[in-house]
Structure formats: C-alpha cells, structure tokens
Number of protein chains: 2
Amino acid sequence: MRITYKGDYALKAILDLAIHYHDKPAPVSIQHMAGRLDIPIKFLEQVLLELKKGGFVESRRGKVGGYLLSRPPSEISLGHVVRFIASPVEPIACVEDGYKGCRDIYKCVFREVWQRVSEATMRIVDGVTFSDLLENLNRKDKEQMVYQI
Amino acid sequence: MRITYKGDYALKAILDLAIHYHDKPAPVSIQHMAGRLDIPIKFLEQVLLELKKGGFVESRRGKVGGYLLSRPPSEISLGHVVRFIASPVEPIACVEDGYKGCRDIYKCVFREVWQRVSEATMRIVDGVTFSDLLENLNRKDKEQMVYQI
DNA sequence: GTATACTCTACTATTATAATCAGGATTATA
DNA sequence: TATAATCCTGATTATAATAGTAGAGTATAC
C-alpha cells in the first residue's frame, strides 16, 4: 500500500468535513477547504468529486453550496477510504484479486508473507474511524494549549 | 510499501541462490537463473549487480563464474532485502526520514496510523529469513508429491 | 440576472517502472 | 595464450502513474 498525494488529500478532506459535521447542514466550500489544507483548488475539486462517487460525501450546488459528510464520522473508517483511494491496497501484484501470473513454485513462499502484511495493514486501518481521529485531534489541541501558557 | 517487479525479481534471485547455497562454491550463472525464474536476462543482470552493491551476493567472473549468496540464508531476512529494494518502505511520504512538509495539525492524526502500519509491516518481514522460506518451499514440494502419486 | 459554487472533460509535465541494447572488461580453463 | 563464458557500465526506450492545470458548463440563492 502506498498513499499518494491525492489519497492523502482525500483523507484530509474527509477529516475536514468531519470537523465541520456537528451542527445543521453548513456545507464546506472547496475554496475554504483548499485554503485550510493547503491543496491546489482544482486538484481538490477532483478529489471531492471522486469521494462523492464513492458515497463518502454529498454536495450542494449554488451559493452557500459546498460539501458535507454523508455519514457521521464514527461510521467512516480509515479502511473504507483507503480501500477506495489507495488501489492497489496490496503490497505486490500477486496478492491482488484475479492475479494469474507467476507460473512457478517461488510465488507461493513470498505470497504468504505479502498476504500477512496486507492483512495486518487492513486490520489497523479498519480499526480507526474518523471520530477516533477527531478525538486525537482534540487531545493534541489541548496538549498544545498547555505548552502555550 | 509496494514491491515492484524489480524488487520481486531481487527476492526470487536471492531465494534461488539460497536453494543453491548448500555445497562448495558452485556459482549460479545469470542465464540459468533467468531461465528458471522467467526473468529477462539483461534485467536480472541489473538486479544482481544492485544486490551485490547491497552486500547480499558475491560474484565470480570468467568461465564457471556466476553469483553466490554472501551469507547463509538463515542470516538474511526478508526485511533486510525489502529495506534495500523497496524504498520507500513507508506507506506515505510523511512517515519517511527527513520529511519536512505538512505544516498543519492534520498531519499528526494520520501520521500515527501510518507509523503503526509501517511498524507492523516491518515486524512481519523482519521475522522471516530465507531459511524459513526454504523450509516452506520443501514443505510445499512434499505436499505436491503426495498429490502426484 | 448575476454572483457563487459545484460538475465535467481534456490536457500537460514530471517521474517511475520495466525493459532493451551495445559494447567493454575480466578471468578460469583448455 | 587464446577463447569462451561471464560480469560490468551506460545509454536509450516505451509505457504508465502521478500531480497538477485549464476552461466551459450547470445549478442555486439572493
């Protein structure tokens, strides 16, 4: 698994929407989000469109428009998003679905290891939701305040 | 972490040398290895040269020359090789050494997760040596024989 | 009806990957 | 000492992925 810039942007975008999830529908505009996250606007546009296709976010057009999370942060895990944005999730082609290469014996002994790596990875990201991340964020904010006093 | 073809070839090459490690120095020629592993000869040449620079293999020139493992298979772990061939080993840039990007708060909450992923991955590959792989290979060979009877 | 914000398609630059090619240097062995 | 098999070096190529840009179009609120 390798998280590209695009994937990283997608995760940060969802976290940003999670932060703004609390009260009544107040969509976050691409411009504002791009400013906060330091992402090129036109690139973030594409990212959000894909996330919409993936069912992670919704959009409102026109004035006062923008993007919203389509589910509460507690129901979105890192795993969900990673599977969507970081394909392939596997560390090597031979562990992916439908792989037909590798005619010989050698494939097998490595394959088992890559599968274990893949499973360990997914176990971690599946165990983290965006509300977990929000909590960590708040904790960090408080710690930082202590230092600032 | 993502294992490329080149990396995959490197691992298979070392396993091939591990298989031929037993008796007195009988170097394995690139041609023979390339045939067994189904790898383009000139590409395998490059791979073996890099592995030599990495200290994993040695070479003998001239007639009856070829490549040899420079240490016994039990002293070479998958982790050693993966660190050498699969850079970056980390799942995302921000976990790599010397990273200076990501000015804002968001980096941190994801970073922890990527670090856990990275550690879990390395724990697995560090725990597997090429003599472990040889054992698995022999086990598989025996299983296959049973089916062939 | 106009400003604002999302939607969609296409394009470009850069880099990595996976080879391939051509030739030179080295050395064990007959 | 010739020679054959091998290692070694550097350049070149084709393809794909990645990161980002550009611009026209569509919906909505005021």
Side-chain angles (χ1 to χ4, degrees), chain A residues 1-13 17 20 25-35 37-54 56-68 70 85-89 91-94 96 101-102, chain B residues 1-13 17 24-35 37-54 56-68 70 85-89 91-94 96 101-102:
Chain A
M1 182 183 62
R2 178 84 188 166
I3 306 292
T4 62
Y5 267 80
K6 196 172 181 181
D8 189 39
Y9 292 163
L11 293 168
K12 287 175 178 173
L17 294 181
H20 293 88
V28 176
S29 79
I30 293 181
Q31 274 214 347
H32 286 143
M33 191 188 290
L37 303 180
D38 198 23
I39 300 174
I41 295 183
K42 296 300 271 179
F43 200 19
L44 182 57
E45 258 183 50
Q46 287 181 22
V47 170
L48 285 168
L49 271 176
E50 283 188 38
L51 287 177
K52 190 185 171 185
K53 282 178 194 156
F56 297 100
V57 304
E58 292 172 14
S59 64
R60 300 270 187 281
R61 292 176 97 151
K63 254 186 171 172
V64 203
Y67 281 94
L68 313 133
S70 53
I85 55 145
S87 51
V89 164
I92 188 170
C94 73
E96 290 164 25
C102 243
Chain B
M1 183 182 61
R2 178 85 190 166
I3 306 293
T4 62
Y5 267 81
K6 197 172 182 181
D8 189 39
Y9 291 162
L11 293 168
K12 287 176 177 172
L17 293 181
K24 53 227 83 153
V28 175
S29 80
I30 292 182
Q31 273 213 347
H32 286 145
M33 191 188 290
L37 302 180
D38 197 24
I39 299 174
I41 295 182
K42 295 302 269 180
F43 200 19
L44 182 57
E45 258 185 52
Q46 286 181 24
V47 170
L48 285 168
L49 271 175
E50 283 189 37
L51 286 178
K52 192 184 171 187
K53 283 178 194 156
F56 297 100
V57 304
E58 292 170 15
S59 64
R60 299 270 186 281
R61 294 176 95 151
K63 255 186 172 173
V64 203
Y67 280 95
L68 313 134
S70 53
I85 55 145
S87 51
V89 163
I92 189 170
C94 73
E96 290 164 26
C102 242

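In what follows, chains carry the letters A, B, and so on, assigned in the order in which the sequence lines appear, proteins first and then strands, with residues in each chain numbered from 1. We use all heavy atoms of the structure for the numbers below, so side chains are in, but hydrogens, waters and symmetry mates are not. Just so we're clear, the structure is a prediction, and the values are computed from it rather than from any experiment.
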Does [N] have OP1 or OP2 sitting under 4.0 Å from an N or O in the side chain of [X]?
| X | N | value |
| --- | --- | --- |
| B:K42 | C:dA18 | no |
| A:T4 | D:dT18 | no |
| A:S59 | C:dT7 | yes |
| A:Y9 | D:dA19 | no |
| A:Y67 | C:dT7 | yes |

How would you label the contact of [X] with the nucleic acid (heavy atoms, under 4.0 Å): base, sugar-phosphate, or nothing?
| X | result |
| --- | --- |
| A:V57 | nothing |
| A:L48 | nothing |
| A:Q31 | nothing |
| A:K52 | sugar-phosphate |

Check: Shortest non-hydrogen contact from B:S70 to B:V57?
Finding: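 So the two residues come closest at OG-N, 3.6 Å.
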If you go through the side-chain atoms of [X], does one of them form a donor-acceptor pair with the base of [N] closer than 3.5 Å?
| X | N | answer |
| --- | --- | --- |
| A:R61 | D:dT26 | yes |
| B:E45 | D:dT6 | no |
| A:K6 | D:dG20 | no |

Check: For the side chain of B:S59 and the backbone of B:G66, is there at least one donor-acceptor N/O pair under 3.5 Å apart?
Finding: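 Such a contact is absent between B:S59 side chain and B:G66 backbone.
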Atom [atom1] of [X] and atom [atom2] of [N]: how far apart are they, to the nearest Å?
| X | N | atom1 | atom2 | value |
| --- | --- | --- | --- | --- |
| B:F43 | D:dT12 | CZ | P | 19 Å |
| B:L44 | D:dC7 | CG | C1' | 12 Å |
| B:I85 | C:dA16 | CD1 | C1' | 15 Å |
| B:R60 | C:dT27 | CZ | C1' | 12 Å |
| A:E50 | C:dC8 | CD | P | 12 Å |
| B:I41 | C:dA22 | CD1 | P | 15 Å |
| A:L49 | D:dT26 | CG | P | 15 Å |
| A:L68 | C:dC6 | CG | C1' | 12 Å |

Notebook entry, point to check: Could A:E45 and A:K42 be called an ion pair, given the rule that one side-chain N must be under 4.0 Å from one carboxylate O?
Noted result: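 Looking at A:K42 together with A:E45, the answer is yes, because their closest N to O distance falls below 4.0 Å.
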Notebook entry, point to check: Tell me, do A:L48 and A:F56 make a side-chain contact under 4.5 Å, heavy atoms counted?
Noted result: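 No, their side chains stay 4.5 Å or more apart.
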Check: Considering only heavy atoms from C-beta outward, does the side chain of A:L17 approach that of A:M33 to under 4.5 Å?
Finding: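 In short, these two side chains touch, coming nearer than 4.5 Å.
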Next item on the list: Go through C:dA10, C:dA18, D:dA5 for me and flag the one nearest to the A:Q46 side chain.
Entry: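 Nucleotide nearest to A:Q46's side chain: C:dA10.
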Notebook entry, point to check: Of all the choices, D:dA19, C:dA19, D:dA5, which nucleotide is nearest to the side chain of B:K63 once you look at every atom?
Noted result: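 The answer is D:dA5, which lies nearest to the side chain.
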Notebook entry, point to check: Counting only Watson-Crick or G-U wobble pairs whose two distances fall under 3.5 Å, which nucleotide matches D:dA16?
Noted result: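 Paired with D:dA16, as far as the under-3.5 Å criterion goes, is C:dT15.
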Item checked: Verdict with supporting geometry, B:Y9 and B:I3, side chain to side chain contact (heavy atoms under 4.5 Å, CB included) -> CA-CA 10 Å; B:Y9 291 162; B:I3 306 293; over 6 Å; no
Note to self: By nearest heavy atom, map A:I3 and A:V64 onto DNA chain D; which one lands nearer the 5' end?
What the structure shows: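 The residue whose closest nucleotide sits nearer the 5' end is A:I3.
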